[in-house]
There are 2 protein chains.
Amino acid sequence: MTTEAKQSLDFEGDLRRAGIRITRPRRIILGILQETGDHPDAYEILRRASALDASISLSTVYRTMKLLEEHGAIQRHAFAGGPSRFEHTGEEHHDHLIDVETGDVIEFRSARIEKLQDEIARELGYDILHHRLELYGRKRRKN
Amino acid sequence: MTTEAKQSLDFEGDLRRAGIRITRPRRIILGILQETGDHPDAYEILRRASALDASISLSTVYRTMKLLEEHGAIQRHAFAGGPSRFEHTGEEHHDHLIDVETGDVIEFRSARIEKLQDEIARELGYDILHHRLELYGRKRRKN
DNA sequence: ATCGGTGCAAACCTTTTGCACACTG
DNA sequence: CAGTGTGCAAAAGGTTTGCACCGAT
């Protein structure tokens with residue numbers, strides 16, 4: 001635990017330092033990703049961005065997603081079936097539990113699972129670059 | 001544990017019992033899935049099926065995949081990026097480690113991870129229907 | 001003979017790309 | 001001002017579907 005709270009809010013500065021131009025669309029899209037607590041897909045991001053600047057296009061959303069992904073500012077998820085959904089990279093790594101009835105996404109983390117994954121990969125002779133753990137479940141009704 | 005070894009080889013019978021007609025394309029596709037050890041995508045399945053019956057179409061492959069998936073005979077994987085890849089449901093559940101450099105898929109299983117997943121879901125108030133665990137890694141070079 | 005299954009082509013959905021213009025640094 | 005970024009429209013995957021014919025039961 002004890003991961004010190006990263007002041008991860010300065011993506012703009014990070015990008016600028018990397019030689020990336022901060023344009024109006026990028027600022028808007030980045031702002032949306034940073035503020036939201038959910039996992040919107042490209043169309044949803046476009047919808048929200050359009051409210052702030054009607055001229056933003058879907059291509060720009062996708063291009064910005066790719067850019068931000070490459071710079072580690074966001075992560076791309078491909079939950080079963082649908083389109084990619086994006087999430088801004090926060091302080092701490094987590095995995096997802098998807099409610100198959102509502103589509104809700106619940107975040108959780110387990111240091112023990114992470115550790116087990118590392119052990120397994122090591123036994124197989126690999127170094128893990130990243131992983132994906134998704135639980136698909138249904139809300140338990142108390143009985 | 002002690003799941004008794006299912007003689008899971010009689011998918012045809014299972015399907016027939018479920019009122020599904022066993023046609024030539026279905027038998028061929030099912031055969032391919034049962035024999036292969038890898039995780040082919042729809043085009044690859046079509047390619048192999050075509051060798052046995054040149055008239056089989058991609059639509060039939062997809063339709064059969066959906067059918068088999070619904071009957072639990074196969075699983076559909078959506079590894080990062082590419083198209084869906086299919087795998088015939090074998091005796092024992094397993095997860096995947098994807099070699100990011102070669103695309104190779106290595107299967108592994110860990111009862112401890114499965115157990116942890118159940119615990120986590122229970123704590124969150126959910127019952128797990130299924131899950132997806134993929135490790136993306138690079139072969140470790142001895143140094 | 002019936003009704004489900006198939007091939008074909010067209011449609012769909014998500015994502016990428018070519019091009020000419022616009023804007024950031 | 002140079003060169004990157006953008007919008008638009010078209011293209012590129014991957015997957016699904018409407019339709020008329022075909023074949024399993």
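No hydrogens, no waters, no symmetry mates; every other heavy atom, side chains included, goes into these values. Order of the sequence lines sets the chain letters (A, B, ...), proteins ahead of strands, with each chain counted from 1.
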For the pair made of CD1 in A/I56 and C1' in D/dG7, what is the distance, rounded to whole Å? 11 Å
Begin with the C-alpha distance, continue with both residues' side-chain angles, and end with the deciding distance and a verdict on side chain to side chain contact (heavy atoms under 4.5 Å, CB included) for B/H88 and B/T36. CA-CA 8 Å; B/H88 130 250; B/T36 189; over 6 Å; no
Hey, what do you get for CG (A/L97) to CD1 (A/I106), rounding to the nearest 0.5 Å? 5.0 Å
Value in whole Å for how far the P atom of D/dG14 lies from CE of B/M65: 16 Å
Measure up the A/H96 and A/H94 rings against each other and bin them: parallel (under 30°), tilted (30 to 60°), perpendicular (over 60°). perpendicular
Over how many whole Å does the gap from A/I28 atom CD1 to D/dG5 atom C1' extend? 14 Å
Rounded to whole Å, the CZ-P distance (B/R63 to D/dC22) equals 16 Å
Are B/H93 and B/H130 close enough that a side-chain donor and a side-chain acceptor fall under 3.5 Å? no
Could you tell me the separation between the CD1 atom of A/I45 and the CG atom of A/L33, rounded to the nearest 0.5 Å? 5.0 Å
A/R47 CZ: over 12 foreign heavy atoms closer than 6.0 Å: yes
Check this one for me: any side-chain N or O of B/Y62 less than 4.0 Å away from OP1 or OP2 of D/dT15? yes
Residue from A/R132, A/H39, A/E87 passing side chain to side chain donor-acceptor pair (under 3.5 Å) with A/H77: A/E87
Taking 4.0 angstrom as the limit, do A/D95 and A/R109 come out as a salt bridge? no
Could you give the CG-to-C1' distance, from A/L30 to D/dG5, as a whole number of Å? 15 Å
Please report the distance, rounded to the nearest Å, between NZ in A/K66 and P in D/dT6. 14 Å
Mind listing the residues from residues 17-26 of chain A sitting with a heavy atom below 4.0 Å of DNA chain D? Number order is fine. A/R21, A/T23, A/P25, A/R26
So where does chain A start and stop touching DNA chain C, 5' to 3', when the test is distance under 4.0 Å to a non-hydrogen atom? C/dT14 to C/dG25
Whichever of A/D53 and B/R16 has the more 5' nearest nucleotide on DNA chain D, that residue is A/D53
Rounded to whole angstroms, how far apart are CG on B/L58 and C1' on D/dT15? 8 Å
A/R140 and B/D127 ion-paired at < 4.0 Å: yes
Are A/R17 and A/D14 ion-paired here, with the side-chain N under 4.0 Å from a carboxylate O? yes
Report for the helix from C/dA1-D/dT25 to C/dG25-D/dC1: angle between first-end and last-end helix axes, five pairs each, rounded to 10 degrees. 40°
So, B/R48 and B/D53, do they make that salt bridge, N to O below 4.0 Å? no
Give the rounded distance in Å between these two atoms: CZ of B/R76 and P of D/dG14. 14 Å
